[in-house]
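Down below is the structure, laid out as structure tokens.
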Protein chains: 2
Amino acid sequence: MATISDVAARAGVSTATVSRTLNGKSTVDPALAAKVRAAAAELGYHPNALARNLRRQETAVLALIISDVENPFFTAIARGVEDIAQTAGYSVVLCNSDENEEKESRYLDVALQERVAGVIISPTGRSTDVSILRERGTPVVAVDRPLPAEPGDQVLVDTRRAACEATEHLLAEGYRHIACVTGPEGVRTADDRLEGYRDALRAAGITTELFRRSELRSAGAREATSELLDSAEPPDALLVINNTMAIGALEAFKARGIRAGRDVGIVAFDDAPWTTLVDPPLSVVTQPAYDIGTVAAKLLLARIGGGSDKPTATVLEARLVARASSRRTP
Amino acid sequence: MATISDVAARAGVSTATVSRTLNGKSTVDPALAAKVRAAAAELGYHPNALARNLRRQETAVLALIISDVENPFFTAIARGVEDIAQTAGYSVVLCNSDENEEKESRYLDVALQERVAGVIISPTGRSTDVSILRERGTPVVAVDRPLPAEPGDQVLVDTRRAACEATEHLLAEGYRHIACVTGPEGVRTADDRLEGYRDALRAAGITTELFRRSELRSAGAREATSELLDSAEPPDALLVINNTMAIGALEAFKARGIRAGRDVGIVAFDDAPWTTLVDPPLSVVTQPAYDIGTVAAKLLLARIGGGSDKPTATVLEARLVARASSRRTP
DNA sequence: TTGTATGCGTTATCAA
DNA sequence: TTGATAACGCATACAA
């Protein structure tokens, strides 16, 4: 591979001039610049980013660590991040922690070692530790879930309130024995949505709460839902806290010949393209996933640019989209 | 941040000994090694991968360039790649080309500049050019679609045959006026599946083919399907060439009150969690996406390891899963 | 087994 | 405006 010295030799100038020309930093004599460009083109010169990064002590790469690549909610965030990063000349490295603290910590380590310019992360659990990055001054923005014990930048959704509204909606439809299918303790969104569910029950004067926790996957939710449906006093409606789990819940319905809306009401978090295609259409709490990504990326870029004010916490709104799965049809 | 010299100073040894200890290359006196490790721990030393990469002229990073992050087919590939890469100590950078040749080429450039160890790519179009990587000796493996005019390593699916079988299945169910909703010309999978559809018609002695091309997204497929359904001689069955487009097709059905299986038969490529939840369940051609990822990653790692034999072309099998959407129900 | 010294390819500083 | 040169942090060839 051609190096900067090869280009310099061919253009009959110093490496410094080549560097200046190609980076457009300082002014260079137009004639020389043309020679440099010609030489670079002829040699098929591609600057070695490794060397540049080492010299500059920084990279034009953002790391995005998400907890589940197969969840459309997170891929939508990724799109948002990428779109903003692109325009600023940054590349995005997408890392899938898979709700696994070990993988997450390994990726945080890689991010540090590779000296990425900044990190956006949806923390997996209670013990996510980004202090190694903070110490080095690498900006970190948390999305979807806050970092434990950290007053850092965050882009979250008012998910407790949304869960409350969804539950209120089910109550308004006449459902009385509502259950919540949520995720593991310690996952903030799981806990918050459960709290929102409780808020609504409390406000309605209902004292018998009913919930199951499972891993954040369809298989777990299928089992949890099955348990609920097969219990002595099965719920007449369900609040499911993400769209992957909604699939599990609907599978459990299907296995029992239960029809959403008619037999058991259901509202799930996150919209997805398929939710209007199931029968009946699924009521959802839709979160501004793409916006979470763009807001987080802009915030991160601002931090990289040097804006080191106090930590920001942005809270976006979720919106209930009531469809037939939560409408009582006699 | 602590550097290797800091560790060396603290441990009272040379940087060479620190390097040797931490990389476990050459033998080091156990006592010294212990001192080095202690010093590294005390200083919170994290080796600078930038410097290491520059020195070694290689990185432990694979680039995976896929054409649509929001398509479950590609995220499944990503999981496969990641799982294999992990075990070999490599990180995976996931890049979303978004079916956009410009973004794709930008990512190829980044991959080259960052000197990644290898690249796995699902090429966007006819003009994808990886020669810059090849020239440098960076191994490249194509997945899902072959690289144009390149005898390189590939992991593909026998998709033409699968499309043929799916069409034969529709014929066997009694459908006679079958249409194909496919992607842009030049996208190999789109072309191959259309050919497979034609193979089946030809074998059955049917001469009137019917197809529409659209972009590989649900909106495009919705429009294409709508056109077909609203035409003078609407098809009695559809073959849709990916799962994102299937959503568009089903939306078009829904808007017209058409019930799959009863009114119009439909088979779509790619299985997804929701396909069994729609009513009626969607017949699919399921592709071994995860396996594509693992096979491609293993192949790439072998190439990185130095195995520079002739290019390999692996072709995996797809399988028809017939459900109610393609069963004629009188 | 350990240390010294060099270079990986850039960019930035300083003089000219 | 340009060029010579010194880092950046690490790994290794070579010498001890």
Side-chain angles (χ1 to χ4, degrees), chain A residues 1-37 39-40 43-61 89 109-110 112-117 136-138, chain B residues 1-37 39-40 43-61 89 109-110 112-117 136-138:
Chain A
M1 293 231 35
T3 72
I4 197 170
S5 332
D6 299 332
V7 178
R10 180 159 193 133
V13 299
S14 72
T15 59
T17 299
V18 176
S19 176
R20 280 191 282 254
T21 304
L22 267 28
N23 291 306
K25 287 285 180 186
S26 160
T27 45
V28 178
D29 182 78
L32 278 193
K35 273 172 124 177
V36 168
R37 273 183 243 283
L43 293 169
Y45 171 66
H46 291 265
N48 185 328
L50 268 35
R52 168 189 298 155
N53 295 340
L54 176 59
R55 175 62 232 231
R56 286 200 184 146
Q57 297 285 59
E58 65 178 21
T59 61
V61 175
D109 226 60
V110 171
L112 177 69
Q113 295 192 7
E114 299 281 346
R115 305 294 193 265
V116 299
R136 190 199 161 242
T138 305
Chain B
M1 293 232 36
T3 72
I4 197 171
S5 333
D6 299 332
V7 178
R10 180 160 194 129
V13 300
S14 73
T15 60
T17 300
V18 176
S19 175
R20 281 190 281 252
T21 304
L22 266 29
N23 291 307
K25 287 286 182 187
S26 163
T27 46
V28 178
D29 181 77
L32 277 193
K35 272 172 124 176
V36 168
R37 272 184 243 284
L43 292 170
Y45 171 66
H46 291 265
N48 185 329
L50 267 34
R52 170 191 295 155
N53 294 340
L54 177 58
R55 172 64 229 237
R56 286 196 183 149
Q57 295 287 58
E58 66 178 18
T59 60
V61 175
D109 225 60
V110 171
L112 177 68
Q113 293 192 8
E114 299 282 344
R115 305 293 194 266
V116 299
R136 191 199 159 242
T138 306

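In what follows, chains carry the letters A, B, and so on, assigned in the order in which the sequence lines appear, proteins first and then strands, with residues in each chain numbered from 1.
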Under 4.0 Å protein heavy-atom contacts per nucleotide of nucleotides 10-16 of chain D, with B for base, S for backbone only and - for none: BBB----
Look at the side chain of B:Asp29 and the backbone N and O of B:Ala31, then say whether any donor-acceptor pair between them is shorter than 3.5 Å. yes
Given axes from five pairs at either end, by how many degrees does the helix from C:dT1-D:dA16 to C:dA16-D:dT1 bend, rounded to 10°? 40°
Taken to the nearest 0.5 Å, the spacing of A:Leu22 CG from A:Ile4 CD1 works out to 7.0 Å
Spacing between B:Lys35 atom NZ and C:dT1 atom P, to the nearest angstrom: 17 Å
Set of residues satisfying salt bridge (Lys or Arg N to Asp or Glu O under 4.0 Å) with respect to B:Arg10, sequence neighbours excluded: B:Glu42
When you check the phosphate oxygens OP1 and OP2 of C:dG9, does a side-chain N or O of B:Gln57 lie under 4.0 Å from one of them? yes
Checking the side chain of B:Asn23 only, and the main-chain atoms of B:Lys25 only, is there a donor and an acceptor separated by less than 3.5 Å? no
Rounded to whole Å, please give me the gap between CD in A:Glu58 and C1' in D:dG9. 16 Å
Correct closest heavy-atom pair for A:Thr138 and A:Ala117 would be CG2-O, 4.0 Å
Rounded to whole Å, the CG-P distance (B:Asn53 to D:dC8) equals 18 Å
Expected output: side-chain B:Asp6 to main-chain B:Thr3 donor-acceptor under 3.5 Å: yes
Students often get this wrong, so: under 4.0 angstrom with heavy atoms, is B:Leu32 touching a base, only sugar-phosphate, or nothing? sugar-phosphate
Whole-Å gap separating P (C:dT10) and CG (A:Leu22): 10 Å
Here the pair of heavy atoms bringing A:Ser5 nearest to A:Thr15 is CA-CG2, 3.9 Å
State whether the side chain of A:Thr17 and the backbone N or O of A:Val13 hold a donor-acceptor pair below 3.5 Å, judged by distance alone. no
Whole-Å distance, A:Leu43 CG to C:dG9 P, equals 14 Å
Value in whole Å for how far the C1' atom of C:dC8 lies from CG of A:Asp6: 14 Å
So do B:Arg115 and B:Asn53 actually touch side chain to side chain, heavy atoms under 4.5 Å? no
Between P on D:dA6 and CG on A:Leu54, what's the gap in Å once rounded to a whole number? 17 Å
A:Ser14 vs D:dA4: side-chain N/O to OP1/OP2 distance below 4.0 Å: no
